[in-house]
Trainee: 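I'd like to ask some things about the structure below.
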Amino acid sequence: MRVSTSMIYQQLTDKLSENAEGMKILQGQLSTGFKYSSPSEAADLVGRVQAIESRLKTLDADAKSVSRVKVGVDTQARAIETAAELTDRLKELAFQGSNSQTSQTILNSYAEEVASIKRSLVDLANAKDADDRYVFGGVRSGEPPYVLNADGTVSYLGSGTPLRVRVNDVGYEDVTVPGPSVWKSVEKDGKATDMFAILDQLEAAYKSGDLAGRAQGLADIEGVANNIGLAIARTGGVQQRLEISERLAQETSLRAQENLASIKDLDFAAALAQLQKQQLLMEATQSLMGRLSQLSLLEQMR
Amino acid sequence: MSDLIGIGVSGLSAYQRALATTSNNIANLQTEGYVRQRAVLASSAQDGSSTISIGAGVRFAEVQRLYDRFAEENLQRATSGLEAEQGMLKELQALQNAIGSSEAGLHGAFQDFFDSARELEASPASAGSRAGFLAKAEGLAARFRALASTASNLDDGTRAQIDQAVGETNTLLEQIASLNAQLLKRTSASEQPMQLLDQRDISIREITKKLGVTVVIGQSGAANIYAGDSASGAALVENGRARVMSASFDPYDYGKSEFVLDAKSQPVVLPGIRSGLIGGLIRFRREGLGTASNKLDELALAFGRAVNKIHRQGIDSSGRPGEDLFYVGPRFVVDGAANGGSARLGVTVLDPEMVKSTSYEMKFSSALGKWEVRNKSTGATTTGADSIEFEGLQFSVQGSARDGDTFRVTPENHPAATLATLIKDGSQVASAGKLAVRAGVSNTGATAAEMTLVDAREKTAVRSLAELLPSPKSPIGEQSFTPDSETGVIDPYQDTAVAARTGPIAFIPAGYSKIALATAIGEGSELAVFTRDGRQISGPKMAGTIVDEKYGFYAGSTYSDAYLNKLDDPDTDATESYLGLSFGRGVTAESGRQTDVDGQVILTPARLFGASGVSNSASPYTLLVNGHEIAIGSNLSVAQVVSAINAQKATTGVVARVDTRSTTATTDDSLILSAYHDVQFPVSEIDVVNSDRASVIVNGAEYSAGWRVRIADGDLATGINFIELNGERYSFTSLSNLTAQLNAKKVSNTAVPPVEFNVFDATYSSGTLTVKVKDTGLQLQNKGFLKIGANSVGLTEREDFFFETPTSGGVASKLVSLMNAPQSGIVASTFGSNFVITNTDSLAGNPISIGLNTVGLETKTYFNAADITLDTAPTNINGDPVPRSVLGSLGFRSGFVMREAAAEDLLVFGVNKDGNSTAVSLSGTYQEGEPPAAGLPEARAYTLRFVSGNYSLTDDQTGTVVAQQAFDTTTRTVRYGNWAVTLKALPGDGDTFTVLPNDDAKGDNRVIALIATLQFDRQMLSSGQTVQSEYEDLVNRIGVLTVQAEVGRDAQKIVFDQARESRDRVSGVNLDEELSDLLRYQQAYQANAQVIQTASRLFDTLMQRL
């Protein structure tokens, strides 16, 4: 086959350029540690890489959210557990107070203690977490949700909507909850009576010595204790879910990092071998160029 | 012998030329486009006379151009293909480097934005989180702008490359046309100078680098060049004529461009250029740049609008309503400079949510008398007259257009290029919900609930009032009082009678005000008005079954007549009406507002059209004039109604009269209610002790009364002075002299009958002359009047009424009598301690002009400043509804009237005498508007109460139960207005929730949480993808294009190399081969020289023998 002289040199020049380009890319890869140094070098991969990077950031944000939620939920748990201890004492008082033989003097002291416990419960219902949120005020978490009125009654001024925070793609947890969902009212005489009114009535029964009222108080306190028990269970459940969410986020993050590394990170051994190969090719092409120039008929004719 | 020498010479000559040909090949070894040449030798013709054949030598037959047309065409095609792929790849790589970069792309910026939203979601009270969120929002916007800028730069760059390529192509086409002209001088290509052919091929190959062409070579070697893959394409060069190519680009859509031949003479649009550098760049612009830019704009619009929509639902940390977080755009620019008509186009955004970032073209057709608006991207069109609503925009034309006039409406900028945050202070981030819900402390069932803002509840479509009565020409109080310039007639109440359907006639959209709806007189039907929650507020009571979803009521609504025809009791302030709404069944009218030439707003009288007849009511009824009740007796005429109104004018401030239009029908008569307005000043301002007189100029006429005129010595001029009093001239040199002259006129007895002469009582003391008109005891025709004429003592010429010993009351009384003179047009009176000036009843409502005065009034025109309203009380004094026949018999149209705007839709039914829904002929007026903010459900507090499986919703401010229905235990959701409350658990009997505006926004995260969830929102984009997925798709799409271009470039490179090799195989110069030829021809040359030498020797031998 006939080959023109310029074609021979053109092909050699092209090969030299290709080799130089290959060397440049390999040097870029080795200096950055990535399979590509600019998106256009891995045009079909960058979309996926961006998605994984964003996913990793989302998982990181999930972890942060979980820790923020924990602050609120742990405060709720501590407040409710303390309330449970107070309720236990209330049960003791109610049991002893229901005894018809208990003297008025003792009943008066019981009344004082019940009033004191009520104030403590109001304080617990106004508990704040480390992020300065009233954890039983719902989304109205900047102001004390429970107010002790001058007449001794307690009003709820918080929100009926919990302050919810997303802890993963689909899951939300409540950092603060509406107070009435924890400090629930008790069904009494066919109508709802709030927890603090129950204590007021118990205190009044002790002060007046009303035996029927004291007996009713025992049943009412039982109801209060049951509600607080339910709240403990609910809060415990939330804490458990948060732990699971945190663990899941960590595991998913690890897998995503592995995935990203497999796409993006350079295999140094393979790259170095490739570099060596490229160098050899370069040298061979340059050598070929020299030899071809010596094979000229003109040289033979001299 | 001679033959031998001849043969040798022929050889020498032939090989000399062959050597020259070879040398030429060697010399052009590196010449671009050079086609190798070959010497062709042939044996010379024999001498045919001999029987023995001996050759006659060699001849140089030709220089052959070693040219393979097929190989050349292949190379041209391969060049086009390779240039296209290379050009496209280079630009795609630049684009991919921008959008695919973690630092410059959007994916990471979106992620940062959502992460910062979540950070704020977790700590809504944190100022740092708020600032961080804003910073990330601006970062995202800046990333959009940077990418838009990159796209713009790529647009500029590729546009410049294309323009340059087009320019070079035009030069090359010219060159080929010029070469063709040379080539066409010979008929055969073989006769052509080879350099010309080489030059032709070089130029063609250069053109193929710019764009793909088809070349047709003629017999003469001239090349005709056609755009595209076949000779059926547009001719770029034909024989000696080249056409000029030009490129134009859509200023907005990067993907659109057009190539035109001979744009300035006979334009021909070139079909799509697919190869060559231009083809590659065009493809990049269409598939890469255009796609990316459009996608960026779509993302910016959709994302910005979605965030803004949510953000507007919230309140910031100070409780202020959320505003737009992002500026989204786009704004539009209009170009119609080339139009022949005078039409001007204005484009305004009606619905920012619907506006697309696209260009429009609006063209006028005089045959249709309409404009057509076309979306240039989608091709969607609509037509209309001078005001067209299309895709969220309003196109308004003013002026006259000519056929074919066209406006181009283009977005001023790409939305991605202008996306920016509008809020700069973290405290303005509306992270909290507008509404809060609070559970009752005694609730036994549900204790927690979610409160969200939602779209309006679904409802069966009912036509709106605007559809039913499309031309509300005269909203209440806005009637024109300007007579028609041609007819001189004031346009009466022009309403539209529409045959309405059974069922709801229409709904009155929230925000409509000044509503007056009436059925035809004598039709015997009335109107009933409901809320969509089933509360009937006006009209005859209807059966509860009318409250049905199919009639436009909300699902589950129940009927209530608790507020039917009830108005608030003004005495007790108790709210008895529906949400305190004020409305009536009957008639209504109010003052209109007009602007005078000075731009001052003037209140015009209230006018009630159709005042005629006599009431047929046997029972009395009540009108409300400015809210004051006026009892109207039974069977009164319109004139008597007027009297009844006017009897109360001091209380109501309103005067009524009937404007009878004798030239037209009685229905054009009207009852006009004008302001009984006045100008007042305290009577004490009439200072009779320190002032000589009191005067007021009213409507240009002066009214005055006084008791003396004083002239001091210092007022006199030197020499003889003069003064005219009551028409008589007195000349004097001193005041003493004048005193004497005046007192000479004094008359001390009574003259009967009235005598016309001057009566003076002048005193001169301490250098001052006091002249008094003496009227006590006199009966004079000009009683008490003193007319001061020309004088030299500085007195104003005037005529005053004079008292001898005036008192304030006396002067005031005199002024009253003067002003109440017939034809004065005004009425004066003293009322308590005030002096009151009003217009006469016939001129009631007109302005009162006050000029110079001594009573402390400001000199100006006093307009009526009080609105006038007239309504029919919904019930008469017995509490019974007023039969509309009463008002009808008086000539008034009556029905449902409501001046204020309701914050919710109202459904209107026609009702027959049996209380059933019926078709009616409706007329009426209304004014469109926005619902009052204070009335919106999101601005009010409600109590939600659950009893026996039902719930009721009560407006806390008014106590109105606005909705009542069964509670859906499946969804546990109550919806009202634009909010929804979803209970966490089923409610107990008696459980309550309060829904109220949020008063503690700092710790609330509900709105920012919604913004954070936009990360997973698949409704935002038409593709059903999230914003990040959509962007990822874009990156992948550009990535695939880039990879395809790389593969294409590599493939085209192989094709190109092969084509070049094929071409060089034939036409390329091989140095070894040429050197070999050189040796060969040199040896042949030497051999032929040897032949000649041999012949010479033979000749010498012969000569020696001889």
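All heavy atoms count here, side chains included; hydrogens, waters and symmetry mates do not. Below, chains carry the letters A, B, ... as their sequence lines are ordered, and counting in each starts from 1.
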Trainee: B:Lys1002: what forms a salt bridge (Lys or Arg N to Asp or Glu O under 4.0 Å) with it, not counting sequence neighbours?
Mentor: none
Trainee: Among A:Leu157, A:Val154, A:Asp131, A:Ile8, which residue forms the greatest number of heavy-atom pairs with chain B at distances under 4.5 Å?
Mentor: A:Leu157
Trainee: Under 3.5 Å, is there a donor on one side chain and an acceptor on the other for B:Ser126 and B:Ser129?
Mentor: yes
Trainee: Side-chain donor-acceptor pair under 3.5 Å between B:Ser101 and B:Glu103, yes or no?
Mentor: yes
Trainee: Please classify the contact between A:Pro180 and chain B as side chain, backbone, both or neither, with a heavy-atom cut-off of under 4.5 Å.
Mentor: both
Trainee: Go through the atoms of A:Val167 and report whether side chain, backbone, both or neither lie under 4.5 Å from a heavy atom of chain B.
Mentor: backbone
Trainee: Have B:Ser102 and A:Glu53 got a donor and an acceptor in their side chains that come within less than 3.5 Å?
Mentor: yes
Trainee: Taking every heavy-atom pair that is under 4.5 Å apart, which of B:Ala98, B:Gly108, B:Ser123 has the most such pairs with chain A?
Mentor: B:Ser123
Trainee: Which atoms of A:Lys57 come close to chain B, meaning under 4.5 Å heavy atom to heavy atom: side chain ones, backbone ones, both, or neither?
Mentor: both
Trainee: Can A:Val139 and A:Thr176 be said to form a side chain to side chain contact (heavy atoms under 4.5 Å, CB included), step by step?
Mentor: CA-CA 7 Å; A:Val139 291; A:Thr176 67; 5.8 Å; no
Trainee: Using the salt bridge (Lys or Arg N to Asp or Glu O under 4.0 Å) criterion, which residues pair with A:Arg166? Sequence neighbours excluded.
Mentor: none
Trainee: Considering only heavy atoms, which portion of A:Asp60 lies under 4.5 Å from any heavy atom of chain B: side chain, backbone, both, or neither?
Mentor: neither
Trainee: Establish, from distance only, whether the side-chain atoms of B:Glu121 and B:Asn1005 form a donor-acceptor pair under 3.5 Å.
Mentor: no
Trainee: Identify which part of A:Tyr134 has an atom lying under 4.5 Å from any heavy atom of chain B, answering side chain, backbone, both or neither.
Mentor: neither
Trainee: Checking A:Glu143 against chain B: side chain, backbone, both or neither under 4.5 Å from a heavy atom?
Mentor: both
Trainee: Chain B: which of A:Thr193, A:Val175, A:Asp169 shares the most heavy-atom pairs with it under 4.5 Å?
Mentor: A:Asp169
Trainee: Examine the side chains of B:Gln111 and B:Asp115 and answer whether a donor and an acceptor come within less than 3.5 Å of each other.
Mentor: yes
Trainee: I'd like to check the side chain to side chain contact (heavy atoms under 4.5 Å, CB included) partners of A:Asn168; sequence neighbours left out, ordered by chain and number.
Mentor: A:Asp62, A:Val170, A:Ser245
Trainee: Considering residues, nucleotides and ligands other than B:Lys90, do more than 12 of their heavy atoms fall under 6.0 Å from its NZ?
Mentor: no
Trainee: Where does A:Arg133 contact chain B at under 4.5 Å (heavy atoms): side chain, backbone, both or neither?
Mentor: side chain
Trainee: So which bits of residues 1059-1066 of chain B come within less than 4.5 Å of chain A, counting non-hydrogen atoms only?
Mentor: B:Arg1060, B:Glu1061, B:Asp1064, B:Arg1065, B:Val1066
Trainee: Report the option among A:Glu187, A:Gln10, A:Gln11, A:Lys64 that has the most heavy-atom pairs separated by less than 4.5 Å from atoms of chain B.
Mentor: A:Gln10
Trainee: Can you confirm if the NZ or CZ of A:Lys264 lies within 45° of the ring axis of A:Phe34 and under 6.0 Å from the centre of its six-membered ring?
Mentor: yes
Trainee: Considering only heavy atoms, which portion of A:Arg48 lies under 4.5 Å from any heavy atom of chain B: side chain, backbone, both, or neither?
Mentor: backbone
Trainee: Taking every non-hydrogen pair under 4.5 Å, which of A:Asp14, A:Asp132, A:Val49, A:Val69 racks up the most with chain B?
Mentor: A:Asp14
